[in-house]
Amino acid sequence: MSTGDLFAQDAPCIEIAADVYLLKQFILHDASALITEIEKVFQQAPPRKMLTPGGYSMSAAISNCGNYGWVTDKNGYRYSQQDPLTGKHWPMMPALFKRLASQAAALAGFTDFQPDACLINSYEPGSKMGLHQDKDELDFNQPIVSFSLGLPVTFQFGGKQRNSPKQNIELSHGDVIVWGRQKRLNYHGVLTLKVGEHPVIGARRINLTFRRAR
DNA sequence: TAGTATCG
DNA sequence: CGAC
Ligand SMILES: [Fe+2]
């Protein structure tokens, strides 16, 4: 190996705001392995568009792995151990996911992060995710760790209220963003995914969100 | 309200 | 488009 090679453990962890950390290309070298694992999860728990409590369809297609999966339907948002489509448990969280998510959290100063939930959001051009808070978990001392794969997107990170000022952050294939502590409940979302073709995963973006649900 | 309609 |  040459010293010029960039490995995940060498990726810089930039604090883009208090308690918000960007690890540019942190998972770049693991992207192909991650995608292989994602496709295996999809075979057991195919991505599907879920309904919001208001009855509208989300534009991102959802799957999950781990002990708990985030779901939404007419009854609300919650974590469930079962896939509502099959009634079976969500697929196991791959060890690679846990290891990389915990490593990223540690670089952001969150020691011993052990995610029990991995939400997999699949976006196609035209898909978006409106501003929302991640607040269905029990322990808000635990951070949120988000992996980006595929097409780039503008991530918006706002404040405690929906109308608070927002920061725009471009997230690309291989990037990781981590937030917590005073920002744990801040609003965030992504703008509409633009048309494009990614050489590794085609015309889509896949986001992995790691959380400690319980 | 993890969406949508509407405005600029 | 993106803000509201
Ligand atoms: Fe979120």
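Numbers restart at 1 for each chain; the letters A, B, ... are given by sequence-line order, proteins then strands.
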Side-chain donor-acceptor distances from residues 42-55 of chain A under 3.5 Å, at least two apart:
residue  : atom : partner  : partner atom : Å
Arg48(A) : NE   : Pro46(A) : O            : 2.8
Arg48(A) : NE   : Ile62(A) : O            : 3.1
Arg48(A) : NH1  : Asp83(A) : OD1          : 2.7
Arg48(A) : NH2  : Pro46(A) : O            : 2.9
Arg48(A) : NH2  : Asp83(A) : OD1          : 3.3
Arg48(A) : NH2  : Asp83(A) : OD2          : 2.9
Thr52(A) : OG1  : Gly54(A) : N            : 3.4
Thr52(A) : OG1  : Tyr56(A) : N            : 3.2
Thr52(A) : OG1  : Tyr56(A) : O            : 3.3

Taking atom P in both dA5(B) and dT1(B), compute the distance separating them and give it to the nearest angstrom. 14 Å
Tell me what Ile62(A) touches on the nucleic acid: a base, only sugar-phosphate, or nothing, going by heavy atoms under 4.0 Å. nothing
Could you point out which residue of Arg78(A), Arg212(A), Arg184(A) forms a salt bridge (Lys or Arg N to Asp or Glu O under 4.0 Å) with Glu137(A)? Arg184(A)
Using a heavy-atom cut-off of under 4.0 Å over every strand shown, decide if Thr52(A) touches base, sugar-phosphate, or nothing. sugar-phosphate
Where DNA chain B forms stems, i.e. three or more consecutive Watson-Crick or G-U pairs with both distances under 3.5 Å: B:6-8 with C:1-3
Kindly say whether the aromatic ring centers of Phe147(A) and Phe26(A) come within a distance under 6.0 Å. no
Of all heavy-atom pairs linking Ala60(A) and Asn121(A), the shortest is CB-ND2, 4.0 Å
Could you state the atom-to-atom distance from NZ of Lys128(A) to C1' of dA3(C) in whole Å? 13 Å
Apply the side-chain contact (heavy atoms from CB on, under 4.5 Å) test between Gln142(A) and each candidate in Val145(A), Ile144(A), Leu138(A), Asp139(A); give the one that qualifies. Asp139(A)
Rounded off to whole Å, could you give me the CG-to-C1' distance for the Leu191(A) and dC1(C) pair? 9 Å
Can you find a side chain N or O atom of Gln156(A) that sits less than 4.0 Å from OP1 or OP2 on dG2(C)? no
Does Asn207(A) reach a base, just sugar-phosphate, or nothing at all? Heavy atoms under 4.0 Å. nothing
May I ask you to say what Lys49(A) touches in the nucleic acid, namely base, sugar-phosphate or nothing, with a heavy-atom cut-off under 4.0 Å? nothing
With a 4.0 angstrom cut-off to heavy atoms of chain A, pull out the first and last contacting nucleotide of DNA chain B, in 5'-to-3' order. dT1(B) to dT4(B)
